[in-house]
Amino acid sequence: MTNPPVLIWLRRDFRLSDHPALHAACATGSPVIPVFIHDDPVDALGAAPKWRLGLALENFQHRLEGLGSRLILRRGAALDQLRELVAETGATSVYWSRLYDPASVARDTEVKAALKAQGVMAKSFGGHLMFEPWTVETKTGSFYKVYTPFWNAVKNRAVDAPLTAPSKLPAPDSWPASEDLAAWHMDVAMNRGAAVVRPHVRLGEAAAQARLARFIDESVATYDCTRDVPAVDGTSGLSENLSLGEISAHQCWHAGVRAREEGKRGAETFLKELVWREFAYHLMHHTPRILTDNWKPDWDGFPWNTDDTAAAVVAWKQGRTGIAFVDAAMRELYVTGRMHNRGRMIVASYLTKHLLTHWKIGQAWFEQCLIDWDPASNAMGWQWSAGSGPDATPYFRVFNPVTQLDKFDGNRAYANRWIAEGKTDPSPDALSYFDAIPRSWKLSADDKYPAPVVAADEGRKVALDAYENKGF
DNA sequence: ACGCCCTTGGG
DNA sequence: CCAAGGGCG
């Protein structure tokens with residue numbers, strides 16, 4: 001007679017190493033039953049994040065099977081499914097890694113209370129973040145609203161050393177029923193050429209670890225400079241893995257600290273970027289309205305365009321604004337599911353300032369398109385760009401996408417990589433964009449490259465006028 | 001209370 | 001050099 005099993009409820013933590021909840025489950029010595037539940041929040045994911053989650057599930061399922069374990073898939077309300085699994089397996093404990101968005105917090109709070117009320121030990125663990133959002137406080141006991149003081153408050157903290165992966169997951173005497181992943185059709189909303197996007201995905205824990213090792217080895221020393229150049233593969237590129245927990249922030253942090261100790265100049269900048277992710281979660285925890293409303297309420301009256309179907313907005317989404325940096329970045333997004341950080345700033349500045357369009361339209365499009373979509377980082381980034389967010393860029397700071405191209409893509413390597421029109425010998429990536437987009441867009445590589453919907457210098461004036469009329 | 005400071009820029 | 005305002009200690 002073995003001990004009653006422990007259910008480990010997985011959500012965005014598809015890794016074996018440095019997984020506190022899994023580690024604790026294994027440490028009980030009891031059989032471990034890994035579970036994923038397709039509930040309404042999963043259903044509500046954007047097309048690309050949902051598709052990418054499906055890939056992560058498939059990958060992690062195989063990973064677990066390699067250890068003689070399984071990933072049990074269930075569909076329905078989380079509490080109902082966990083209760084059924086408890087009844088079916090005789091499990092007396094349910095463990096999970098905490099999430100921090102308001103919907104998850106509400107669900108998990110209810111689940112924990114209900115399970116405890118029926119005598120099940122429900123326990124949540126850290127692991128998604130290095131610093132729990134409520135543990136970082138200013139001297140006066142409030143939360144941080146500016147990044148640099150936040151950085152100063154956490155930069156010298158001890159970060160837990162990463163936990164090793166369990167060598168085996170004890171299987172239960174019998175497995176509960178599981179649904180079939182393929183039947184969930186997590187690619188169904190991916191009505192662009194998923195086959196075009198797929199080669200750009202870096203799937204799973206092993207790929208993430210390899211990527212981190214290579215980044216530390218080859219790129220982090222010059223990261224402070226090369227990370228700004230979109231044609232160079234100079235960033236860690238780990239956001240999609242961090243988003244789904246295929247690697248932990250702790251693991252990245254410790255690798256970065258070692259690189260800094262070895263005197264690699266860019267390592268400090270990399271550590272700061274990891275802390276930006278923490279800062280986004282800190283802000284979301286303390287002000288969850290950052291996801292849905294202007295963080296600074298005095299922006300509520302600002303005359304944003306909110307028409308998602310406006311011609312300029314459609315041109316922005318389709319990478320047809322006639323501004324090379326903007327279009328290259330939007331096409332990179334569509335084809336790879338990612339966008340270089342500098343591109344993100346430029347397309348966001350162009351949408352919210354040159355096109356005076358509400359940041360929520362950009363936020364929603366990114367949520368559909370990004371395989372590294374993260375609720376906290378996406379919301380913070382958009383509000384930072386628009387000016388409505390905490391520690392935001394000042395209103396008079398309008399990125400000039402033409403100047404930016406000269407500065408960061410002087411030889412046009414990035415623009416040429418992603419834009420086909422007017423080229424005698426377009427790059428494979430530029431052509432692949434036309435394989436990825438829906439036919440209904442009626443675009444072809446043979447089209448004429450469009451004239452700017454709003455020119456760079458004209459847009460600056462548009463933005464400044466609007467901000468001045470707002471009554472600053 | 002008060003002074004210093006504020007990721008990524010433009011002209 | 002510009003520039004608003006507020007966060008932070």
Side-chain angles (χ1 to χ4, degrees), chain A residues 136-156 222-232 234-236 239 256 265-280 282-283 286-287 290 294-299 302 323 325-326 329 339-354 359 376-378 380-410 414 454-472:
Chain A
V136 188
E137 287 186 341
T138 66
K139 294 276 188 270
T140 55
S142 73
F143 69 97
Y144 281 98
K145 300 163 191 74
V146 175
Y147 173 75
T148 302
F150 181 85
W151 160 256
N152 287 327
V154 301
K155 66 182 178 191
N156 293 321
T222 55
Y223 177 73
D224 50 331
C225 306
T226 52
R227 79 195 184 96
D228 275 323
V229 184
V232 173
T235 69
S236 81
S239 52
R265 190 192 59 218
E268 174 98 350
T269 310
F270 176 58
L271 296 175
K272 282 188 171 169
E273 293 302 315
L274 290 170
V275 169
W276 268 98
R277 175 173 173 274
E278 305 282 322
F279 184 51
H282 180 77
L283 290 169
H286 289 284
T287 48
I290 195 173
N294 290 317
W295 191 85
K296 293 176 180 167
D298 57 315
W299 280 75
F302 190 78
I323 302 287
F325 212 150
V326 173
M339 189 191 289
H340 190 276
N341 178 54
R342 182 145 297 275
R344 297 190 199 212
M345 291 189 292
I346 287 163
V347 304
S349 177
Y350 189 79
L351 183 72
T352 58
K353 296 191 172 176
H354 287 70
W359 57 266
S377 297
N378 195 37
M380 180 187 69
W382 274 99
Q383 296 224 48
W384 181 85
S385 294
S388 61
D391 202 13
T393 171
Y395 80 87
F396 50 83
R397 185 167 295 168
V398 181
F399 280 72
N400 183 326
V402 172
T403 314
Q404 288 277 313
L405 194 69
D406 286 337
K407 239 183 221 175
F408 297 104
D409 193 40
Y414 182 67
V454 173
D457 46 354
E458 178 194 341
R460 177 180 170 78
K461 190 169 149 29
V462 168
L464 291 181
D465 285 352
Y467 287 89
E468 268 151 34
N469 292 335
K470 179 180 169 294
F472 268 109

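Chain letters run A, B, ... following the sequence lines, proteins first and then strands; every chain starts at 1.
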| note | Quick note, Pro149(A) side chain, CB onward, closest among dG9(C), dG11(B), dG9(B) is dG9(C)
| said: What is the distance, to the nearest angstrom, from the CH2 atom on Trp151(A) to the C1' atom on dC5(B)? | reply: 18 Å
| Which is true for Asp391(A) with a 4.0 Å heavy-atom rule: it touches a base, it touches only sugar-phosphate, or it touches nothing? | sugar-phosphate
| said: Does the plane of the ring in Phe279(A) sit parallel, tilted or perpendicular to the ring in His282(A)? Use 30° and 60° as the thresholds. | reply: parallel
| Does a side-chain heavy-atom distance below 4.5 Å link Glu273(A) with Tyr223(A)? | yes
| message | So that I can compare with my own list, what are the stems of DNA chain C, taken as at least three consecutive Watson-Crick or G-U pairs with distances under 3.5 Å? | response | B:2-6 with C:5-9
| request: Would you mind classifying the nucleic acid contact of Lys407(A) as base, sugar-phosphate or nothing, using non-hydrogen atoms under 4.0 angstrom? | output: sugar-phosphate
| query | From dC6(B), dT8(B), dG10(B), pick the nucleotide closest to the side chain of Arg227(A)? | reply | dT8(B)
| note | Regarding the side chain of Phe396(A), the nearest nucleotide among dG10(B), dG9(C), dA3(C) is dA3(C)
| said: Can you see if the side chain of Arg397(A) gets near the phosphate of dT8(B) - specifically, an N or O under 4.0 Å from OP1 or OP2? | reply: yes
| request: Check the distance between dG10(B)'s P and Glu458(A)'s CD and give it to me in whole angstrom. | output: 17 Å
| Gap between atoms CH2 and P, on Trp276(A) and dT8(B) respectively (whole Å) | 9 Å
| Do His340(A) side-chain atoms and Ala329(A) backbone N/O form a donor-acceptor pair below 3.5 Å? | no
| task | Quick one: sort the Tyr147(A) and Phe150(A) rings into parallel, tilted or perpendicular, breaks at 30° and 60°. | result | tilted
